[in-house]
Number of protein chains: 2
Amino acid sequence: MTAPDQPAREGRATIVDVAREAGVSVATVSKVINGRYGVAEATSERVLAVIDDLGYESSLIASSLRRKRTGVIGVLVAEFEPYSAELLKGISYGLAGTGYELLAHAGSTDTHLRSGWERRSLSRLGRTLIDGAIVVTPTMVINDQAGIPVVAVDPHTGPEGPATVDSDNIHGARVAAEHLFSLGHQRIAFLGGRPDLRSAQLREEGFRAAFAARGLTPEAEFMKVAGYDPELAEAPARELLSLPADRRPTAIFAANDISAIRVLRVAEQMGLRVPEDLSVIGYDNVPDAMSSTPPLSTVAQPLQEMGTTALRVLLALLSGQQEVERHVRLPTELVVRASTAPPPA
Amino acid sequence: MTAPDQPAREGRATIVDVAREAGVSVATVSKVINGRYGVAEATSERVLAVIDDLGYESSLIASSLRRKRTGVIGVLVAEFEPYSAELLKGISYGLAGTGYELLAHAGSTDTHLRSGWERRSLSRLGRTLIDGAIVVTPTMVINDQAGIPVVAVDPHTGPEGPATVDSDNIHGARVAAEHLFSLGHQRIAFLGGRPDLRSAQLREEGFRAAFAARGLTPEAEFMKVAGYDPELAEAPARELLSLPADRRPTAIFAANDISAIRVLRVAEQMGLRVPEDLSVIGYDNVPDAMSSTPPLSTVAQPLQEMGTTALRVLLALLSGQQEVERHVRLPTELVVRASTAPPPA
DNA sequence: CTGAAAGCGCTAACAA
DNA sequence: TTGTTAGCGCTTTCAG
């Protein structure tokens, strides 16, 4: 009773403060908090009163360390860009009523380039902080790093690895290419994604399939890599558009929207009009695609639904359900806006 | 050396495994990991090799518990909806090169209705897991709960509380109302936000100011509350639009976009055309406002910039900087799209 | 230069 | 019904 009027000495009250104040042991306080049996009504009430008085909340960290189950689901991303943000919304909406909390983690951006961020995040949070994880666009195989259930969205791996949720990349890319063909384009360039990601490989495959179906092969000169990254898209876009007009592509298919939007900007800087001089189509249908100038034609992935689905699969895994659909593939859809049109005459 | 070929026994390796494998004490391993002085080059290398071999990553939880500084910044939200997602993007972009990690936390949605989620999150994560926090739209006063620096975005409090970042709500709302006036509207209804949030109060104030500037007062019957929540917007919207045509509002200003978008839907269900029969304007300019039918006129807050700014302020606080601008207000901007037009003749 | 030991805040046996 | 005692995985004095 040294200072009853100074509840939280430095910052926040701990369970020890509560115990001291209530005149019981910390174990008893813990029992009260966690609703364990074997605490007298009167004691419980007194403890609860002190807790309320002190504004005590148990430290997630400390209890996680000791417990096996934490009631927290982790969402592991490299960065919060439009793609993962949409996913996150979907996950968050699906969370209502489950009793779980959400902890979305983006590792230090300084190191996220050296792939392996997902393994690192998983190791650092797994088992102790989170009960299960949704990993967004992992670069590498996730092999039960942390001993917790994992669902990968847009995974690196095939069917062997963890549970996955993705969309039909081959079909989506093929449809995009066919859209350009049907507009009359002949010289179509491809700005590929990250070669280490399965989705990028599949989109290229779909792109090539559209050519193959017409007995064609894409020109090697038109197959570029942009790593899903606007910064990396800049140079190849500039290169493509610097070609003489009669050899320049009349359409560019970028493997994701944010790269496509950068292409739009490069084209504008180079004095090319979209879609009159150049058609551009993206992939993902992130919200930004709608507000670009001009609005971007793209292939829509049901991003929020993919998030909700990933959560559903994870919860099933978590509840030890037997019949879990471990690989869910959602459909894609062509969205035609103003960035695609017939090629210049 | 019981099982050298079975590094991670159950899930993940701990510092003890590394120590055993390297033939040193855990203290030494800890020193190596954290780059402390006083470890022989050879020892260090051996430990590093084992770490690499075992794929060891220190548990964020365990180290947080012991350390004071964790290198993690927390973003506390009630839910990941479009508003907080935009903020998060801005925060994430600003994080590059700072060396901090991001942990965004959404408390269990089951309890987030009983206000106080921010206090709870702050207590549970503060001091132990995160070095500082950005709290999005706190309902209540944040009074140094966790003893860590806090920046509130769209805060409840006035200048007395924690550092804040917001936008000019009065001005923004006033501009929205004036836009409607200038189109010729007379019967303008207001769908207010959460009465406990300062931003909602200020938007109402701005709305009234526009009337006052014209020597008018809004009709009491047209002043509704929708709590920034689409679900709560439904009933009052329906009520307003059920009035006989000559007493029905010709324009509705909803205090945030997602409520306004719901109004759009209600209007459609009731057979009213927007903007021919009814003009609707929102607030925030979340990405969704662009893709509604019709695209929503709104007042834009620079959401991502607000996120980046909040991070900047927090980092300044964290670095113990003296001259920190504790209250930053960013400008708003009217965005006219297709949901507003002159009233029916 | 290295290790033993204490302890961060909390939970979970096990005793009392 | 309650308290005592071990830890969870890690960092940090402080001896050796």
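Since the model is a prediction, treat every value here as computed from it, not as a measurement. Protein chains get the first letters and strands the later ones, always in sequence-line order, with residue 1 at the start of each. Only this structure's heavy atoms are used, side chains among them; waters, hydrogens and symmetry mates stay out.
- Defined by atom type and a distance below 3.5 Å, a donor-acceptor pair is missing between the side-chain atoms of A/Y228 and A/T137.
- Listed by first then second residue, pairs satisfying salt bridge (Lys or Arg N to Asp or Glu O under 4.0 Å) with a partner in residues 88-99 of chain B read B/E86-B/K89, not counting sequence neighbours.
- Residue pairs meeting the salt bridge (Lys or Arg N to Asp or Glu O under 4.0 Å) criterion with at least one member in residues 62-71 of chain B: none, sequence neighbours excluded.
- At least one donor-acceptor pair under 3.5 Å links the side chain of A/T308 to the backbone N or O of A/G90.
- We find that CD of A/E57 is positioned 16 Å from P of C/dG9, with the value rounded to whole Å.
- The minimum heavy-atom distance linking B/Y93 with A/P82 is given by the pair OH-CD, 3.4 Å.
- Interatomic distance, CD of B/E21 versus CG of B/D53, reported as 7.0 Å (0.5 Å rounding).
- Side-chain atoms of B/S84 and B/E81 form a donor-acceptor pair, as typed in the model, at a separation below 3.5 Å.
- The interatomic distance linking A/L129 (CG) with C/dG9 (P) rounds to 17 Å, in whole Å.
- Residues from residues 58-71 of chain A lying near DNA chain D, meaning a heavy-atom separation below 4.0 Å, are A/L65, A/R66 in numerical order.
- Atom OH of A/Y56 is separated from atom C1' of C/dG9 by 7 Å (rounded to the nearest Å).
- Interface limits on DNA chain D: the 5'-most and 3'-most nucleotides within less than 4.0 Å of chain A heavy atoms are D/dT1 to D/dG9.
- B/A62 approaches A/L65 most closely through the heavy-atom pair CB-CD1, 4.2 Å.
- B/R124 has its CZ atom 10 Å from the P atom of C/dC10, to the nearest Å.
- The list of salt bridge (Lys or Arg N to Asp or Glu O under 4.0 Å) pairs with a residue in residues 93-103 of chain B, not counting sequence neighbours, reads A/R120-B/E101, A/R124-B/E101.
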Kindly indicate, with the supporting measurements, whether the criterion side-chain contact (heavy atoms from CB on, under 4.5 Å) is fulfilled by B/V24 and B/V29. CA-CA 7 Å; B/V24 296; B/V29 176; 3.7 Å; yes
Atom pairs under 3.5 Å, N or O on each side, protein against nucleotides 1-4 of chain C: can you list them with distances?
| from | atom 1 | to | atom 2 | distance (Å) |
| --- | --- | --- | --- | --- |
| C/dT2 | OP1 | B/T43 | OG1 | 2.4 |
| C/dT2 | OP2 | B/A40 | N | 2.6 |
| C/dT2 | OP2 | B/T43 | OG1 | 3.3 |
| C/dG3 | OP2 | B/S25 | N | 3.1 |
| C/dG3 | OP2 | B/S25 | OG | 3.4 |
| C/dG3 | OP2 | B/T28 | OG1 | 2.8 |
| C/dG3 | N7 | B/K31 | NZ | 3.4 |
| C/dG3 | O6 | B/K31 | NZ | 2.6 |

